[in-house]
There are 2 protein chains.
Amino acid sequence: MAPGRRERLTRARVVDAAMTLADDGGLDGLSMRRLAEHLGVVPMALYRHVADKHELLDAMIDRVFAELTDPVDPDWARALRARAQSMRGALTRHPWAIGRMETGTPGPANLAHHNAVMGCLRAGARLPFWDAVHASSLLDSYVYGFALQDRTLAGDIPAEAARRREVVVADGPAALDAYPYLVEVADQLGRHGYDFAQEFEIGLDLVLDAIRGLRPVGETAVEGAGGPASREPGPAGG
Amino acid sequence: MAPGRRERLTRARVVDAAMTLADDGGLDGLSMRRLAEHLGVVPMALYRHVADKHELLDAMIDRVFAELTDPVDPDWARALRARAQSMRGALTRHPWAIGRMETGTPGPANLAHHNAVMGCLRAGARLPFWDAVHASSLLDSYVYGFALQDRTLAGDIPAEAARRREVVVADGPAALDAYPYLVEVADQLGRHGYDFAQEFEIGLDLVLDAIRGLRPVGETAVEGAGGPASREPGPAGG
DNA sequence: CCGAGTTGTGTACGGCGTACACCTGTCGCG
DNA sequence: CGCGACAGGTGTACGCCGTACACAACTCGG
């Protein structure tokens, strides 16, 4: 075997392999020992490159943020839409990430993303500071929340609808009458299917419209719009 | 010691204790062994009342759904608002639940909740079936997503803002220029504080307004509004 | 009072994260 | 070329974890 019969371990290689393992097998399937084996190395070797499992997870999260596209669209709404879509894509590829996106120490890609969103809202949409905060909160909440639901129900929806129906029925003979609206949902979804991507778009449109509604109508331009500058008091006193 | 010198173990008692442990200490702090000790019992005793840890978690989740209030307000928007607020309250009390609300087999309280929401939208707001689905998806996504962010940032916001600023600065001397909008956020939040409850209300209003916008204006009543009945094709062929 | 079934116990196994001491391969420098 | 230092990989070990399995003790209908 030539010089270095095995590729030297790197922090990057460790994080890469960890993401691969998590992508198929979930976070439960990711153990330091399995990760080490996957890399052809003894478990403790990993600790030369990450402080502990927690730090590894933080690094993985920032990798997810790093996958987000950075659109240059001058239309702020289109740019936000692209960011939201790219976030949903990343969270669909890495469902294990959802519960931890805003946990732990934020990495640089995380910071860059949130900075860019605020930039869209402040400089692009010309929103006053606190309106931009509200908009950012609403948008993030929607995207994260949607991904959260998407994640679990992402499988075969007609089958899942049928299964849910079984659950309801198992609850007792009168259950079908107790949950009439759920029965309708199960029936319709079973019949017509359900496209998460399209559902996401519909909600995203509603959210973006709501953000548009924050803009003072007839606003034209000028005034501190080029950069950050607060103009109003906070929403409350903490 | 009288008959049964120690209260008999019950599934309910097990789930209760598990929620207490999870409420302070998070899911990581909840182990079958600690739970058993907390109940003054040997670990394996728990397995007479829950099949395994997974089933225990499912039961805990349905307990969270069971905490939701069931408002009787005839105004559908007020009812939805109350439900959303009560969901946020429950998720704030039990932050460990957020990532698992829609995972695993849904329990009866879960079913009842979603059935009630669809009921509000179909019978109350008189939305066509697919609009009700969109509205439900949007509302749930917002509430879950908000809770997800709330959970991690729930601490002392000014301190957190300062910490974030440190993180940014640590990134390099030019970082403050690289993330101007984040710096603004950190400064403003540090100065004025941040009230999650109020932020939630603001976003919730926007979401409810958006849902109101789904209603055909001038709609008056009648037609299948009293109960489920599909009127349109699905959003896509899934 | 007894026998059966339910409920709690003891022991044990394999897997986990990781502390700590050790070996080894690599490279700068004389 | 030789060697010393040091970063990077290893081996062993500890204390947790979830839980399978066989057994003991309590409860209760007959």
Side-chain angles (χ1 to χ4, degrees), chain A residues 1-63 96-97 99-100 103-105, chain B residues 1-63 96-97 99-100 103-105:
Chain A
M1 329 267 175
R5 67 184 220 284
R6 192 175 57 208
E7 194 69 29
R8 203 90 167 274
L9 216 47
T10 327
R11 186 180 167 93
R13 289 219 311 136
V14 171
V15 178
D16 276 351
M19 293 191 67
T20 304
L21 248 63
D23 285 346
D24 49 54
L27 277 196
D28 291 347
L30 172 66
S31 76
M32 297 301 272
R33 294 170 122 98
R34 259 212 278 274
L35 177 54
E37 191 181 22
H38 186 78
L39 287 162
V41 113
V42 91
M44 286 311 292
L46 304 172
Y47 288 86
R48 299 281 175 195
H49 305 275
V50 297
D52 53 18
K53 192 174 185 179
H54 221 86
E55 205 212 64
L56 172 61
L57 289 177
D58 280 0
M60 292 165 69
I61 291 299
D62 211 54
R63 278 291 183 76
W96 47 265
R100 310 185 166 252
T103 317
T105 306
Chain B
M1 336 263 174
R5 67 184 219 284
R6 193 176 57 209
E7 195 68 29
R8 241 357 222 296
L9 217 49
T10 323
R11 186 181 168 92
R13 289 218 312 137
V14 170
V15 178
D16 276 350
M19 292 191 70
T20 303
L21 248 65
D23 284 347
D24 48 55
L27 276 196
D28 291 347
L30 171 67
S31 76
M32 298 301 272
R33 295 170 122 100
R34 260 211 277 272
L35 178 54
E37 190 181 21
H38 186 78
L39 288 163
V41 112
V42 92
M44 286 311 291
L46 303 172
Y47 289 86
R48 298 283 175 196
H49 304 274
V50 297
D52 54 19
K53 192 174 185 179
H54 220 87
E55 204 212 64
L56 172 60
L57 289 176
D58 280 359
M60 293 166 67
I61 291 299
D62 211 53
R63 279 290 183 76
W96 47 265
R100 306 184 169 255
T103 318
T105 306

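Computed from heavy atoms alone, side chains included, the values below leave out hydrogens, waters and symmetry copies. A note on names: the letters A, B, ... follow the listed sequences, proteins ahead of strands, and every chain is numbered from 1. Please read these numbers as outputs of a predicted model, since none were measured by experiment.
Rounded to an integer number of Å, the gap from CG of B/L46 to C1' of D/dC17 is 13 Å. Atom CD of B/E37 and atom P of C/dT9 are 13 Å apart (whole Å). C/dT6 atom C1' lies 7 Å from atom CZ of B/R8, rounded to whole Å.
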What N/O pairs connect the protein and nucleotides 23-25 of chain C at under 3.5 Å? Give each pair on its own line.
none

Nucleotide by nucleotide, nucleotides 11-21 of chain C touches protein heavy atoms under 4.0 Å in the pattern (B base, S sugar-phosphate only, - none) -B---BBBBBB
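Contact check, B/H49 against C/dT6: no side-chain N or O comes under 4.0 Å of OP1 or OP2.
Listed by first and then second residue, the side-chain hydrogen bond (donor to acceptor under 3.5 Å, both in side chains) pairs that reach into residues 28-45 of chain A come to none, sequence neighbours excluded. For residues 45-61 of chain B, the set of pairs meeting the side-chain hydrogen bond (donor to acceptor under 3.5 Å, both in side chains) definition, not counting sequence neighbours, comprises B/R11-B/E55.
Residues passing the side chain to side chain contact (heavy atoms under 4.5 Å, CB included) test with A/D16, sequence neighbours excluded: A/R63. For A/T20, there are no side chain to side chain contact (heavy atoms under 4.5 Å, CB included) partners at least two apart in sequence or on another chain.
Counting heavy atoms from C-beta outward, B/L35 and B/L56 have side chains that approach closer than 4.5 Å. Looking at heavy atoms from C-beta onward, B/V50 lies in side-chain contact with B/M32 at the 4.5 angstrom threshold.
Atom CG of A/D24 is separated from atom CH2 of A/W96 by 12.0 Å, given to the nearest 0.5 angstrom.
Across A/V15 and A/A59, no two heavy atoms sit closer than the pair CG2-CB, 4.0 Å.
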